[in-house]
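Heavy-atom basis, side chains included; hydrogens, waters and symmetry copies ignored.
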Amino acid sequence: MVIAPHCDDETLGCAGIIRNVLASGGQVLVVVMTNGDGFTFAVKEQFHRLFLTSSDYIQSGYARQVETIHALRWLGLPDDHIIFLGYPDRGLKTIWAATWDSSQPYRSRYTDSDHSPYTNSYRQNAPYAGETVLANLEQIMRDFKPTLILSPHPADEHPDHAATWAFVATSFLKIRNSGTALWPELYTYLIHRGDFPIPHGYKVEELLLPPRPLQKRQNNQWYTYPLNSDNEFIKEQSLKEYVSQLRVPIMSNFLHSFIRKNELFEEVQIPVIKHEPSGVDLSILDSWQNQEPFLVNPRGVNPLGALEHGANVTAIAGAIQNNALWLHFHIPGFSKKRMRYHVSIVEYHGQQGTFQREKKAFYFSSGDTNLPMDDIIRCQDDVVSKLPYPPQGLPDYFFIQILTKDIFGAISNHTVWQPALIEQNMANDSNR
């Protein structure tokens with residue numbers, strides 16, 4: 001099962017493996033999150049007018065669907081193995097983080113709609129809301145029963161790609177925690193990042209290599225999937241079907257950058273936050289020395305971040321103790337910089353057959369925070385926070401993201417949306 005944020009991502013990242021699976025007798029399902037109907041440059045090229053209407057954007061979305069169908073025919077994929085969800089291009093980030101309730105959906109500034117206007121969407125008139133996206137993905141996964149899921153990489157710098165990763169990982173974890181026999185493997189593919197692919201352009205004899213900052217993260221394994229000359233040729237023919245993108249010069253160069261000797265995937269390992277005995281004083285930095293971080297934040301390619309030397313979150317470790325989630329942020333230069341750190345936590349609870357989503361947020365700097373003073377410890381290069389929960393109130397799993405903002409409020413750095421499982425079925429701390 002290949003999940004693509006836009007029409008063409010499935011071919012850019014996964015054409016070779018799609019073709020080989022089909023040629024070997026396997027089945028492939030491609031799920032396209034949006035129809036790419038918010039790319040103004042391409043829509044202007046299509047309609048040759050300066051002022052575009054919502055109808056223009058919708059017609060562009062239909063045109064991109066046709067391109068996807070034709071592209072995937074080159075790979076041998078039947079038309080009925082393509083699902084278009086019809087969610088808003090350039091809107092998935094907001095839907096994931098802020099517009100969850102289907103009674104208050106997001107409205108696209110391109111299609112001027114708060115629901116899918118496409119007649120062939122997986123769910124007709126699907127509201128632009130997070131709970132609807134998650135329900136769609138979960139149902140599709142349960143129906144298709146994939147053994148392998150290919151998702152956008154969490155460090156992809158396109159907001160739609162990063163949000164697609166979060167939705168896919170949430171669906172994956174929800175199914176995995178439900179006790180079902182469905183237990184697919186999860187891998188990711190990278191499309192948008194300033195230092196990828198290198199070199200840019202049509203370099204058919206070159207290899208796709210992961211960006212160096214992403215290679216250095218702990219417990220992550222990249223896999224090279226080789227393409228023979230026949231697969232390279234078929235992938236190129238497939239990409240030629242995306243006429244709407246190729247006639248935009250900067251996009252043409254970008255798409256051709258993925259015709260290489262291989263495709264590239266990273267295996268996903270979901271970290272587990274473990275319980276610590278009551279006798280361990282987690283407010284002391286020494287107690288964190290042997291804790292493996294569950295999030296390692298690689299160097300980004302944000303130009304503003306490059307100007308801000310230091311004071312970025314480089315790693316986060318976590319622990320559970322006495323119904324509280326403790327987080328240790330390592331921030332070299334924290335006490336010397338006037339930066340503010342905004343922490344967002346999206347947590348999921350699935351006890352007793354229910355499923356609930358809750359969101360927490362807090363901020364801190366070297367001189368300010370909205371946490372109780374007893375629940376935060378600030379040191380020279382480190383911050384430790386404590387988030388208490390009621391008895392039996394810990395989530396099954398959560399996602400966390402940290403935005404670093406300068407004194408003017410501009411974002412200079414951000415982490416990925418990192419998922420983590422909470423260690424379950426543990427004895428009470430007092431009995432350990």
Side-chain angles (χ1 to χ4, degrees), residues 1-39 42-43 45-47 55-89 92 110-111 116-126 133 136-137 139-141 143-144 146 149-152 160-161 164 168 189 191 227 230-248 251-252 254-256 258-259 263:
M1 180 173 169
V2 177
I3 297 98
H6 311 102
C7 302
D8 72 11
D9 291 318
E10 79 297 323
T11 303
L12 291 173
C14 310
I17 193 170
I18 290 173
R19 184 168 187 258
N20 285 346
V21 169
L22 292 170
S24 300
Q27 294 193 49
V28 176
L29 182 70
V30 171
V31 179
V32 187
M33 299 285 288
T34 83
N35 297 321
D37 52 23
F39 189 20
V43 183
E45 285 289 333
Q46 179 178 350
F47 291 98
S55 178
D56 292 336
Y57 284 106
I58 293 170
Q59 291 306 310
S60 174
Y62 277 122
R64 293 197 67 178
Q65 288 182 353
V66 172
E67 291 175 347
T68 298
I69 292 169
H70 290 168
L72 290 174
R73 283 177 183 171
W74 275 99
L75 307 181
L77 187 72
D79 297 358
D80 60 1
H81 278 55
I82 308 170
I83 293 176
F84 297 104
L85 296 185
Y87 289 103
D89 187 13
L92 293 180
Y110 302 101
T111 64
S116 176
Y118 299 95
T119 59
N120 59 353
S121 293
Y122 174 73
R123 174 181 168 183
Q124 292 290 305
N125 299 310
V133 178
N136 289 172
L137 287 174
Q139 189 59 57
I140 292 168
M141 288 180 187
D143 291 344
F144 186 64
I149 297 174
L150 300 177
S151 162
D160 282 341
H161 287 238
T164 296
V168 172
Y189 61 93
I191 302 294
L227 302 184
D230 185 42
N231 275 338
E232 279 189 70
F233 173 78
I234 294 296
K235 183 170 184 174
E236 183 170 355
Q237 300 311 304
S238 178
L239 284 175
K240 285 180 179 179
E241 298 292 347
Y242 287 104
V243 177
S244 66
Q245 307 306 292
L246 291 172
R247 61 187 168 208
V248 178
M251 287 301 297
S252 176
F254 178 69
L255 264 62
H256 283 108
F258 287 85
I259 304 170
E263 291 169 343

Item to check | For Tyr57, ring pair (Phe, Tyr, Trp, His ring centres under 6.0 Å) partners two or more places apart | outcome: Tyr110

Checklist entry - From Glu232 CD over to Ile234 CD1, what is the distance, rounded to the nearest 0.5 angstrom? => result 11.5 Å

Checklist entry - Distance only, no hydrogens: is a donor on one side chain within 3.5 Å (strictly under) of an acceptor on the other, for Tyr87 and Asn136? => result yes

Item to check | Arg123 CZ to Ile140 CD1 distance, which is reported to the nearest 0.5 Å | outcome: 12.0 Å

Item to check | Residues Arg73 and Asp79 bridged, charged N to O under 4.0 Å | outcome: yes

Item to check | Asp89-Asn35 side chain donor-acceptor pair, cut-off 3.5 Å | outcome: no

Checklist entry - Distance-only, no hydrogens or angles: does the Glu45 side chain make a donor-acceptor pair with backbone N or O of Ser244 under 3.5 Å? => result no

Checklist outcome for this item: Applying side chain to side chain contact (heavy atoms under 4.5 Å, CB included) to Glu241 and not counting sequence neighbours gives His70, Ala71, Trp74

Checklist entry - Hey, what do you get for OG (Ser238) to CG (Leu72), rounding to the nearest 0.5 Å? => result 6.0 Å

Checklist outcome for this item: Across all chains, not counting sequence neighbours, the side chain to side chain donor-acceptor pair (under 3.5 Å) partners of Asp56 are Arg49, Thr53

Checklist entry - Which heavy atom in Tyr189 sits nearest to a heavy atom in Ala4, and how many Å separate them? => result OH-CA, 3.5 Å

Checklist entry - Could you go step by step and tell me if Asp160 and His6 meet the side chain to side chain contact (heavy atoms under 4.5 Å, CB included) rule? => result CA-CA 8 Å; Asp160 282 341; His6 311 102; 2.9 Å; yes

Checklist entry - Taking side chain as C-beta onward, heavy atoms only, is Leu239 less than 4.5 Å from Ile259? => result yes

Checklist outcome for this item: By side chain to side chain contact (heavy atoms under 4.5 Å, CB included), Leu246 pairs with (sequence neighbours left out) Ser252, Leu255, His256

Checklist entry - Donor-acceptor pair, Lys235 side chain versus Leu12 backbone, under 3.5 Å? => result yes

Checklist entry - Phe233 versus Asn231: any side-chain heavy-atom pair under 4.5 Å? => result no

Item to check | Non-hydrogen atoms of Val30 and Leu77 that approach each other most closely | outcome: CG2-CD2, 3.7 Å

Item to check | Centroid separation Tyr118 to Phe84 less than 6.0 Å | outcome: no

Next on the checklist: Could you tell me if the side chain of His81 sits less than 4.5 Å from the side chain of Val28, heavy atoms only?
Outcome noted: no

Checklist entry - Do any N or O atoms from the side chain of Thr34 and from the backbone of Gly36 form a donor-acceptor pair under 3.5 angstrom? => result yes

Next on the checklist: To check you understand the geometry: which heavy-atom pair defines the closest contact between Ser121 and Ser116, and what is its length?
Outcome noted: OG-OG, 2.5 Å

Checklist entry - For the atom pair CZ (Phe39) and CZ (Arg64), what is the distance rounded to the nearest 0.5 Å? => result 7.5 Å

Checklist entry - Can you tell me how far the CD1 atom of Ile18 sits from the OG1 atom of Thr11, to the nearest 0.5 Å? => result 6.0 Å

Checklist entry - For Asn125, which residues count as a side chain to side chain contact (heavy atoms under 4.5 Å, CB included) partner, sequence neighbours excluded? => result His115

Item to check | Test item: Arg19 side-chain N/O and Leu75 main-chain N/O as donor-acceptor pair under 3.5 Å | outcome: no

Checklist entry - Would a 4.5 Å heavy-atom cut-off, applied to side chains only, mark Gln27 and Phe144 as touching? => result yes

Checklist entry - Do Val2 and Leu29 pass the side chain to side chain contact (heavy atoms under 4.5 Å, CB included) test, and can you show the C-alpha distance, the side-chain angles, and the key distance before you say yes or no? => result CA-CA 6 Å; Val2 177; Leu29 182 70; over 6 Å; no

Checklist entry - With sequence neighbours excluded, what pairs up with Ile17 under the side chain to side chain contact (heavy atoms under 4.5 Å, CB included) test? => result Cys14, Val21, Leu148, Leu150, Tyr225, Glu263, Phe265

Checklist entry - Would you say Tyr242 and Met251 make side-chain contact, with heavy atoms under 4.5 Å? => result no

Item to check | Side-chain heavy atoms of Asp9 within contact of His161, under 4.5 Å | outcome: yes

Checklist entry - Are Leu85 and Val32 close enough, and set up right, to give a side chain to side chain contact (heavy atoms under 4.5 Å, CB included), and what steps lead you there? => result CA-CA 6 Å; Leu85 296 185; Val32 187; over 6 Å; no

Next on the checklist: Could you measure the distance from the CE atom of Met33 to the OG1 atom of Thr164? Nearest 0.5 Å is fine.
Outcome noted: 4.0 Å

Next on the checklist: Before you tell me yes or no, could you show the steps for Ile58 and Tyr62 under side chain to side chain contact (heavy atoms under 4.5 Å, CB included), namely the whole-Å CA-CA distance, both residues' side-chain angles and the distance that decides it to 0.1 Å?
Outcome noted: CA-CA 6 Å; Ile58 293 170; Tyr62 277 122; 3.9 Å; yes

